[in-house]
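We're numbering straight along the sequence, starting at 1.
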Amino acid sequence: MFRAKIAQALLSIALIFGMLACSPSLNWRTVQAPEESYATLFPAKPDKLERNLPFQDQVIHQVLQAAKVGDDIYSVSSIHLVGKQAELMPKILEQLQNNVLNRAGVNLQNAVSQESYYRNANQQRMAAKSYFLEIPASEKNNATRQLMRVMWITGTVENDGAWIYQLTVLRTGASNEDPKTVLNNEAFSPFFEEFKLD
């Protein structure tokens, strides 16, 4: 009986090590983005992409930092609105939100959400909402069902316009998992909760 318990314990340990070996490791590191006025934790070294987007008669500058770990993509999109562009912030934010939420067939009122937190430039803990979305598979956009957790943060800086941030984790190869259950654990929460404005 004692041998059977030892064999069972060894099997359990082997299974745990096997699972750890198969799952991608998260190597959390603080990524400073002084030009985009934020810092946050990424689970791997992110790549950076910059582009200009037309909006009404303006050109809006967007910077994206993203890291892929296994089936999960962690990204921070930042848009800096300067001068009179700051007046466009509500419309741009609404369009960003609609672009994401429409893919999941929901809106801000009926999407699954929970209160989350980030830190402002004074290091105060600020409340925001995380949204948990299920994006169905489609031939056009994605071949498999996707899960997403997304949070939007806005802020204005005296004499420096306004900022819009979109923090996203996208799980690309999702099975029949519940988005809130899957994307609300220690593998994802630090990315959102350690976001800090500079």
Side-chain angles (χ1 to χ4, degrees), residues 31-43 46 48-56 58-67 72-82 85-135 141 146-158 160-172 179-180 182-185 187-198:
V31 173
Q32 303 281 350
E35 293 178 356
E36 290 74 53
S37 296
Y38 76 85
T40 195
L41 289 178
F42 270 95
K48 187 173 182 178
L49 171 71
E50 299 187 44
R51 61 183 180 169
N52 290 321
L53 304 171
F55 186 83
Q56 296 183 359
Q58 299 286 317
V59 175
I60 306 301
H61 188 65
Q62 181 187 45
V63 178
L64 180 73
Q65 293 211 71
D72 303 321
I73 300 168
Y74 299 70
S75 66
V76 177
S77 163
S78 55
I79 294 175
H80 188 197
L81 303 172
V82 295
Q85 289 181 342
E87 298 170 7
L88 299 173
M89 184 169 69
K91 290 182 180 178
I92 294 172
L93 176 61
E94 182 181 17
Q95 183 168 322
L96 287 171
Q97 292 172 331
N98 287 340
N99 287 348
V100 172
L101 297 170
N102 288 345
R103 290 175 60 200
V106 295
N107 57 44
L108 286 176
Q109 288 70 42
N110 63 17
V112 175
S113 66
Q114 77 174 23
E115 195 166 89
S116 296
Y117 297 92
Y118 69 97
R119 294 198 181 274
N120 67 10
N122 296 322
Q123 298 305 306
Q124 295 169 312
R125 202 164 175 244
M126 305 295 290
K129 273 193 175 177
S130 281
Y131 295 88
F132 299 88
L133 310 174
E134 176 186 335
I135 301 170
N141 295 325
Q146 298 177 337
L147 305 181
M148 180 185 286
R149 179 177 176 180
V150 60
M151 183 168 78
W152 289 279
I153 297 168
T154 60
T156 55
V157 181
E158 190 175 346
D160 194 30
W163 288 93
I164 301 173
Y165 301 98
Q166 178 178 298
L167 285 69
T168 308
V169 172
L170 179 69
R171 171 155 285 188
T172 55
K180 189 171 182 182
V182 172
L183 300 177
N184 197 27
N185 62 39
F188 308 102
S189 294
F191 176 69
F192 294 91
E193 293 171 6
E194 294 301 320
F195 184 84
K196 298 171 188 166
L197 298 179
D198 288 342

Could you tell me if the side chain of [Y] sits less than 4.5 Å from the side chain of [X], heavy atoms only?
{"X": "Gln146", "Y": "Glu134", "value": "no"}
{"X": "Ile164", "Y": "Leu96", "value": "yes"}
{"X": "Tyr165", "Y": "Ser77", "value": "no"}
{"X": "Val169", "Y": "Ile73", "value": "no"}

Are Val31 and Leu41 close enough, and set up right, to give a side chain to side chain contact (heavy atoms under 4.5 Å, CB included), and what steps lead you there? CA-CA 6 Å; Val31 173; Leu41 289 178; over 6 Å; no
To the nearest 0.5 angstrom, please state how far the [atom1] atom of [X] sits from the [atom2] atom of [Y].
{"X": "Thr40", "Y": "Gln32", "atom1": "OG1", "atom2": "CD", "result": "10.0 Å"}
{"X": "Lys129", "Y": "Ile153", "atom1": "NZ", "atom2": "CD1", "result": "14.5 Å"}
{"X": "Leu93", "Y": "Leu88", "atom1": "CG", "atom2": "CG", "result": "12.0 Å"}
{"X": "Gln95", "Y": "Asn98", "atom1": "CD", "atom2": "CG", "result": "8.0 Å"}
{"X": "Ile135", "Y": "Arg103", "atom1": "CD1", "atom2": "CZ", "result": "4.0 Å"}
{"X": "Leu101", "Y": "Gln109", "atom1": "CG", "atom2": "CD", "result": "9.5 Å"}

Once side-chain contact (heavy atoms from CB on, under 4.5 Å) is applied, do any residues pair with Asn185, and if so which ones, sequence neighbours excluded? Ala187, Phe188
Would one find more than 12 heavy atoms of other residues, nucleotides or ligands at under 6.0 Å from atom CD of Glu35? no
Do other residues, nucleotides or ligands put more than 12 heavy atoms under 6.0 Å from the NZ atom of Lys48? yes
Donor-acceptor pairs under 3.5 Å, side chain of residues 114-122 to any protein atom, not counting sequence neighbours: which ones?
{"from": "Gln114", "atom 1": "OE1", "to": "Asn184", "atom 2": "ND2", "distance (Å)": "3.1"}
{"from": "Gln114", "atom 1": "NE2", "to": "Asn184", "atom 2": "OD1", "distance (Å)": "3.0"}
{"from": "Glu115", "atom 1": "OE1", "to": "Tyr117", "atom 2": "OH", "distance (Å)": "2.6"}
{"from": "Ser116", "atom 1": "OG", "to": "Ser130", "atom 2": "OG", "distance (Å)": "2.6"}
{"from": "Ser116", "atom 1": "OG", "to": "Arg149", "atom 2": "NH2", "distance (Å)": "3.4"}
{"from": "Arg119", "atom 1": "NH1", "to": "Gln123", "atom 2": "O", "distance (Å)": "3.1"}
{"from": "Asn120", "atom 1": "OD1", "to": "Asn122", "atom 2": "N", "distance (Å)": "2.9"}
{"from": "Asn120", "atom 1": "OD1", "to": "Gln123", "atom 2": "N", "distance (Å)": "3.1"}
{"from": "Asn120", "atom 1": "OD1", "to": "Gln124", "atom 2": "N", "distance (Å)": "2.8"}
{"from": "Asn120", "atom 1": "ND2", "to": "Gln124", "atom 2": "OE1", "distance (Å)": "2.8"}

Starting from the C-alpha separation in whole Å, work towards a yes-or-no answer on side-chain hydrogen bond (donor to acceptor under 3.5 Å, both in side chains) for Ser75 and Gln65. CA-CA 6 Å; Ser75 66; Gln65 293 211 71; over 6 Å; no
Atom pairs and distances, donor-acceptor, side-chain atoms in residues 191-198, under 3.5 Å, two or more places apart:
none

Say whether, by atom type as modelled, one donor and one acceptor occur between the side chain of Asn110 and the main chain of Val106 under 3.5 angstrom. no
Is there a donor-acceptor pair closer than 3.5 Å between any side-chain N or O of Gln85 and the backbone N or O of Val59? yes
Run the side-chain hydrogen bond (donor to acceptor under 3.5 Å, both in side chains) test on Glu36 and His80 for me, step by step, so that the C-alpha distance in whole Å, both residues' side-chain angles and the decisive distance to 0.1 Å come before the verdict. CA-CA 8 Å; Glu36 290 74 53; His80 188 197; over 6 Å; no
List the steps, then state whether side chain to side chain contact (heavy atoms under 4.5 Å, CB included) holds for Trp163 with Ile79. CA-CA 6 Å; Trp163 288 93; Ile79 294 175; over 6 Å; no
Candidates Val100, Leu183, Leu170, Val112 - the one meeting side-chain contact (heavy atoms from CB on, under 4.5 Å) with Leu133: Val100
Apply side chain to side chain contact (heavy atoms under 4.5 Å, CB included) to the pair Met148 and Tyr131, showing each step before the final yes or no. CA-CA 8 Å; Met148 180 185 286; Tyr131 295 88; over 6 Å; no
Return the minimal non-hydrogen interatomic distance between Ala67 and Phe42, and the atom names on each side. CB-CD2, 3.9 Å
Heavy atoms of Lys91 and Phe55 approach each other most closely as CB-CZ, 4.0 Å
Side chain to side chain contact (heavy atoms under 4.5 Å, CB included) assessment of Leu53 paired with His61: CA-CA 6 Å; Leu53 304 171; His61 188 65; over 6 Å; no
